[in-house]
Amino acid sequence: MKRVALTAAGTLATLAALLIMWQLSQIVILFGVSLAVASIVRAPTAALVRRGWRPSLAILAVYVVSIGLPLLLFVALAWRMIPEADLLLKEFITLYARFYSRLRSGSEMTQALSERLRDPNTLNTLFGDGDGVGAINAFLQTTQSIGAVAGQMLIAVAVSIYWTADQVRFERVWLSLLSPQRRSVARTQWRAIEAGVGAYLRSELAQSIAAGAILALGYWLLGVPYPSVLALVAALAWLIPLAGGLLGVAAVIVLTWSLGPVTVIAAAALTTAVYLLMEMAVEPRLYTRTRYWRVLVLLIMLAMTDAFGILGLIISPPLATALQILIDAVLLRPTPAPAGPALTSAVDLSKVHAELERTRALIEDEAAPPSPRIADLFGRLQALVREAEQIQDKEPAA
């Protein structure tokens, strides 16, 4: 009866925790983003500290380089993206209007399909030739959304700075919930998960930024009138797991369709070549760990996309990486070797006593008295030898 009660209590506690996490999903996501940012900067910060940098200076340098420089680059290119986005939107409306007219003039099936689509005139009124009220409302809503996301990201970065600067204390607080026998294993598994997720995120973000820069230059050389926006779309598509490359190439084809077949083929070929370069040449140098299981990430993608939409789709691979590391740690845990017979043979400690006497002579020959640390270490060695002799005296003879 007691076992049934404990099982029921554990089940109810788990369901209550899941319900609380669901109700506080934004806070949970914010905390997860902060942990992800901390995992990204952990290895570069540790590398700088090993080179002799002060921890605070290393954290500041890594955060400025990994967050500040991409943000400055995006702000610097924003003045080009605004007119490019306007031009791209107008061409997209024109392309959509042609597609809509072809459906309307086609068979009964295509006409029935066109009735389910939005009339192009409503798009023109909203974004183009109307009184501009709809465009202003859309701009204000977009600005509010961007501001809310930017505020949440700032909070996540601030929390990640605290997590990075005081890792040991945070780990000590969370691990205090476990028994002392399990804390060492839990700390090892947590740090392995953090290292694996951080390596994956650094690899994906570096590939996305590099792909966006190369594609922006390539589209500009091809004469595409909106190279920055098109490169941004392709770079963001690369972050989508499994099908990101196909979606990126398809988006490039659709957005350059009105520029002529030569430009479409050249832009699609360039995008494919850059994606292959990232996959085959850049990624193996940045992320050497075994890739996540495809089936696992597919299942997580389905669940996370249904719960959180496009955000859940993007965070599926790092979550799958964390689960894979945890599963590997559980499945590959070494089994304890069977205990053998107790060793009853005595160990000859005469050589140890000889080395201790030689060490004592070296210390006494020094002109200056030994430091308190050396004296303490020597005293502890003598105490350990005495304990070993007492244990041997208590053991029965073989």
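Quick note: numbers below take in every heavy atom, side chains included, and nothing from hydrogens, waters or symmetry partners. For clarity, every value in this text was computed on a predicted model and none was experimentally measured. Throughout, numbering of the chain's residues begins at 1 and tracks the sequence.
Annotation for I40 and R202: closest pair O-NH1, 2.9 Å, computed over non-hydrogen atoms. Considering every non-hydrogen atom in both V49 and P55, the closest pair reads CG2-CA, 4.0 Å. Residue V249 comes nearest to A268 through the heavy atom pair CG1-CB, 4.3 Å, listed as atom of the first residue, atom of the second, then distance. Across all their heavy atoms, V264 and T256 have their closest contact at CG2-O, 2.9 Å. The two residues G244 and Y275 make their nearest non-hydrogen contact at O-CE1, 4.4 Å. Residues S34 and S160 come closest through the heavy atom pair O-CB, 3.2 Å.
Under a hydrophobic-cluster definition in which Ile, Leu, Val, Met, Phe, Trp and Tyr are linked whenever side-chain heavy atoms come within less than 4.5 Å, directly or via other members, I161 and L57 are assigned to the same cluster. Under a hydrophobic-cluster definition in which Ile, Leu, Val, Met, Phe, Trp and Tyr are linked whenever side-chain heavy atoms come within less than 4.5 Å, directly or via other members, I209 and L239 are assigned to different clusters. Cluster membership for L236 and V274, using ILVMFWY side-chain heavy atoms within less than 4.5 angstrom, is shared. Under a hydrophobic-cluster definition in which Ile, Leu, Val, Met, Phe, Trp and Tyr are linked whenever side-chain heavy atoms come within less than 4.5 Å, directly or via other members, V282 and W238 are assigned to the same cluster. W220 is not connected to L255 by any chain of hydrophobic side-chain contacts under 4.5 Å among Ile, Leu, Val, Met, Phe, Trp and Tyr, and they are in different clusters.
Contact check for L381 versus E355: no side-chain heavy atoms found under the 4.5 Å cut-off. In this structure, V224 and T263 have side chains that are in contact, with non-hydrogen atoms separated by less than 4.5 Å. The closest side-chain heavy-atom distance from L60 to W53 is not below 4.5 Å. Between Y219 and V252, the closest side-chain pair of non-hydrogen atoms falls below 4.5 Å. The closest side-chain heavy-atom distance from S39 to L201 is below 4.5 Å. Residues S66 and V37 fail the side-chain proximity criterion, which asks for heavy atoms closer than 4.5 Å.
Looking only at atom types and distance, the side chain of E204 has no donor-acceptor partner in the side chain of S208 under 3.5 Å away.
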request  = Check the pair T45 / Y63 against side-chain hydrogen bond (donor to acceptor under 3.5 Å, both in side chains), numbers first and verdict last.
outcome  = CA-CA 9 Å; T45 303; Y63 270 91; over 6 Å; no
ask   = Q207 and S203: side-chain hydrogen bond (donor to acceptor under 3.5 Å, both in side chains), yes or no, with the steps?
value = CA-CA 6 Å; Q207 291 179 64; S203 172; 2.8 Å; yes
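To the nearest 0.5 Å, atom CG of residue L222 and atom CG of residue L215 are 10.0 Å apart. Here the straight-line distance linking atom CG of L270 with atom CG of L217 works out to 9.0 Å at 0.5 Å rounding. To the nearest 0.5 angstrom, T271 atom OG1 is 8.5 Å from I253 atom CD1. Of the inter-residue distances, the one linking I240 atom CD1 with L246 atom CG reads 11.0 Å to the nearest 0.5 angstrom.
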